[in-house]
Amino acid sequence: MKAKKPSWFYLVLLILSGEAIFILPFVLPRVFRPTVLDVLELDNVELGLCFSVYGLVAMVSYVFGGPLADKYQPRKLIAVALWMTALGGFLFAQYPALWVLQILYGWWGFTTIFLFWAPMIKATRIWGGTDSQGKAFGFLDGGRGLTGALFSLLGVLIFSFFLTTSADVADLPDRKAAFTYVLYTVSIIIILVGILVWFFMKTGDGEKEVILERISWKDVKQVLKLPSVWLLMIIILCGYVGYKITDIISQYAEEVMLYNQVEAAKVGTLLQFLRPATGILFGLIADRLRITWLLFVGFVFALIGGLLFASGVIAPTTITLFFISVLIIAVGVYAIRALYFGVMQAGKIPLTLTGTAVGVISLIGYTPDVFAGPAYGMLLDAHPGEELGHQNVFWMLSIFAFVGGVAAFIYHRKYGKEPKKN
């Protein structure tokens with residue numbers, strides 16, 4: 001008898017929690033970066049150090065947190081992670097000294113990765129079942145993108161509402177007071193999402209079937225012997241480099257296309273909405289086609305887009321080509337991101353060992369959190385404000401897209417040809 005798949009409400013809660021947990025450490029500092037730097041009295045390097053602390057804690061947390069997801073029910077780990085992350089928001093609202101802020105980012109590295117990351121991936125696999133993995137992961141990433149955009153909009157609305165003067169002339173104390181309301185509101189919402197997850201994100205009668213009593217070294221060795229695990233390390237590392245590099249497209253618009261800051265910000269906003277659109281679209285078609293083949297196609301798109309930017313053919317006079325290239329690279333990168341964990345089922349990674357596998361894969365796959373920013377930063381700083389610096393960054397993207405594409409093609413040849421289960 002076929003197991004009953006969890007409800008759509010289960011997936012909605014997973015999407016909500018999947019983005020809500022990253023709002024405090026990443027989304028708000030990205031949306032309100034000038035305000036964050038001012039109220040915390042930081043420069044860009046000091047804020048970057050906080051992200052580095054997060055990344056280092058995350059690297060350790062991937063490994064040790066993965067097996068935890070195979071021992072405990074995902075909903076409980078996700079709920080606790082949300083509550084612990086929200087507590088950090090109340091400390092953030094006190095605008096602590098740099099050393100305290102670094103500890104806070106280390107705390108967030110623990111709560112969002114050790115307690116959350118692998119359980120989220122495992123819960124998504126559970127929802128997808130044997131025949132809807134593409135839909136599950138496509139909807140997860142697309143929904144997370146949309147949720148992040150809505151959280152950003154909510155933050156801007158709250159910030160604007162509590163400013164006593166126009167944003168153009170508001171002084172630091174006024175902006176600090178308004179931003180405090182943003183932090184408290186978001187923290188409370190995250191707590192509420194955690195409560196909903198704890199009580200309602202249940203898989204039904206089979207909830208205990210997806211957990212193990214204990215994780216042994218034998219289980220870890222079983223995961224390490226799977227070729228799909230090693231291929232996914234390469235695929236995710238290469239895809240994530242592409243995702244990190246999309247951060248500079250709005251900067252390209254300003255420095256190479258000669259857009260003003262408002263126009264460049266609109267390009268960045270376009271990317272924000274391409275992510276959910278791509279994730280949902282590929283999620284809908286992935287299970288009708290071969291998800292492993294679509295993952296390879298994503299790398300082909302990313303490579304083509306990267307080469308268009310790297311070649312130097314895009315200039316202020318080629319506006320149409322610029323937007324076509326942005327669309328191509330965004331579709332490729334966001335498709336890869338939406339699908340790379342969705343191929344675990346095809347790669348014969350046991351559901352009960354999902355957490356352990358995700359931990360091992362993520363240890364290598366997410367190292368771009370450590371090296372990608374400094375790498376493309378050095379390439380840009382070597383030729384500040386010039387097209388050559390941007391071209392070199394997109395050559396970097398193209399190289400990683402090519403390597404990832406080769407790994408994805410091998411994965412498809414190895415695992416994508418088997419008949420689909422009905």
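FYI, side chains are in, hydrogens and waters are out, and symmetry mates aren't considered; it's all heavy atoms of this structure.
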Ignoring hydrogens, what is the shortest heavy-atom contact between L11 and A136? Give both atom names and the distance. CD1-O, 4.3 Å
Heavy atoms only: give me the nearest A118-G66 pair and the separation to one decimal. CB-CA, 3.8 Å
Take Y54 and T112, measure what side chain to side chain donor-acceptor pair (under 3.5 Å) needs, and give me the verdict at the end. CA-CA 10 Å; Y54 177 97; T112 63; 2.6 Å; yes
Can you confirm whether more than 12 heavy atoms, excluding those of F402, are under 6.0 Å from its CZ atom? no
Out of curiosity, L140 CG to R125 CZ, how far, rounded to the nearest 0.5 Å? 14.0 Å
Shortest non-hydrogen separation from V360 to M233 and the atoms involved: CG1-CE, 3.3 Å
Run the numbers on Y95 and L101 for side chain to side chain contact (heavy atoms under 4.5 Å, CB included), then give the verdict. CA-CA 8 Å; Y95 307 111; L101 194 66; over 6 Å; no
Heavy-atom donor-acceptor pair, Y10 side chain to A123 backbone, under 3.5 Å: yes
Report yes if some heavy atom in the side chain of L91 is under 4.5 Å from a heavy atom in the side chain of V100; otherwise report no. yes
Between the CD1 atom in I191 and the CG atom in L196, the distance rounded to the nearest 0.5 Å is 12.5 Å
Distance from I291 atom CD1 to M344 atom CE, nearest 0.5 Å? 11.5 Å
Any side-chain donor paired with an acceptor under 3.5 Å for S250 and Y259? no
Are H390 and Q251 close enough that some pair of their side-chain heavy atoms sits under 4.5 Å apart? yes
Expected list for residues 328-343: side-chain donor-acceptor pairs under 3.5 angstrom, two or more places apart:
from, atom 1, to, atom 2, distance (Å)
R337, NE, D141, OD1, 3.2
Y340, OH, Y366, OH, 3.1

Tell me, yes or no, whether the heavy-atom count around F273 atom CZ, taken from other residues, nucleotides or ligands under 6.0 Å, exceeds 12. no
So, do M120 and S17 sit near enough that their side-chain heavy atoms are less than 4.5 Å apart? no
Would you say that Y105 contacts Q102 through its side chain, given a criterion of any heavy-atom pair below 4.5 Å between the two side chains? no
Donor-acceptor check, side chain of T278 to backbone of R275, threshold 3.5 angstrom: yes or no? no
Name each donor-acceptor pair under 3.5 Å that joins a side chain in residues 292-304 to protein atoms two or more places apart or in another chain, with its distance.
from, atom 1, to, atom 2, distance (Å)
T292, OG1, H412, ND1, 2.8

Please determine whether ring pair (Phe, Tyr, Trp, His ring centres under 6.0 Å) holds for the pair W395 and F400, giving the CA-CA distance in whole Å, both sets of side-chain angles, and the decisive distance to 0.1 Å. CA-CA 9 Å; W395 278 119; F400 277 96; over 10 Å; no
Nearest heavy-atom contact between W108 and T85 is NE1-O, 3.1 Å
Heavy-atom closest contact (G194 atom, L82 atom, distance): CA-CD1, 3.5 Å
F32/F159 aromatic ring centres below 6.0 Å: yes
Relative to the ring of F110, is the ring of W107 parallel (under 30°), tilted (30 to 60°) or perpendicular (over 60°)? tilted
So with a 6.0 Å cut-off around CD of E46, is the heavy-atom count from everything else above 12? yes
So, do Y72 and K76 sit near enough that their side-chain heavy atoms are less than 4.5 Å apart? no
Go through the steps for F137 and I121 under the test side chain to side chain contact (heavy atoms under 4.5 Å, CB included), then give the verdict. CA-CA 8 Å; F137 282 95; I121 302 301; 4.0 Å; yes
Interatomic distance, S228 atom OG to I349 atom CD1 [nearest 0.5 angstrom]: 4.0 Å
Here the gap from I280 atom CD1 to I285 atom CD1, rounded to the nearest 0.5 Å, amounts to 13.0 Å
Heavy-atom pair of closest approach, residues G142 and P276: O-CB, 3.0 Å
Suppose the criterion is salt bridge (Lys or Arg N to Asp or Glu O under 4.0 Å): which pairs have a residue in residues 374-383, not counting sequence neighbours? none
Dump the intermediate steps for side chain to side chain contact (heavy atoms under 4.5 Å, CB included) on L24 and V186, then the final yes or no. CA-CA 8 Å; L24 286 166; V186 168; 4.2 Å; yes
Under 3.5 Å, which donor-acceptor pairs do the side chains of residues 305-319 form with other protein atoms, sequence neighbours left out?
from, atom 1, to, atom 2, distance (Å)
S311, OG, L307, O, 3.3
S311, OG, L308, O, 2.8
S311, OG, V313, N, 3.4
T318, OG1, A315, N, 2.8
T318, OG1, A315, O, 2.9

When rounded to the nearest 0.5 angstrom, what distance separates CH2 in W230 from CD1 in I235? 14.0 Å
Does a side-chain heavy-atom distance below 4.5 Å link F92 with L40? yes
Look at the aromatic rings of W8 and W127 and report parallel, tilted or perpendicular, splitting at 30° and 60°. perpendicular
CA sep, side-chain torsions, deciding dist, call: L232, Y411, side chain to side chain contact (heavy atoms under 4.5 Å, CB included): CA-CA 8 Å; L232 275 175; Y411 200 101; 3.8 Å; yes
Using residues 143-158 as the side-chain source, report each donor-acceptor pair under 3.5 Å to any protein atom, sequence neighbours left out, with the distance given to one decimal.
from, atom 1, to, atom 2, distance (Å)
R144, NE, G18, O, 3.0
R144, NE, E19, OE1, 3.3
R144, NH2, G18, O, 3.4
T147, OG1, G143, O, 2.7
S152, OG, G148, O, 2.8

Beyond-backbone contact of T367 with Y62, side-chain heavy atoms, under 4.5 angstrom: no
Could you tell me if the side chain of L98 sits less than 4.5 Å from the side chain of C50, heavy atoms only? yes
Can you tell me if F90 has over 12 outside heavy atoms packed within less than 6.0 Å of its CZ? yes
Sequence neighbours excluded, the answer for salt bridge (charged side-chain N to carboxylate O under 4.0 Å, His left out) partners of D247 is none
Which label fits Y252 and F322: parallel for a plane angle under 30°, tilted from 30 to 60°, or perpendicular past 60°? parallel
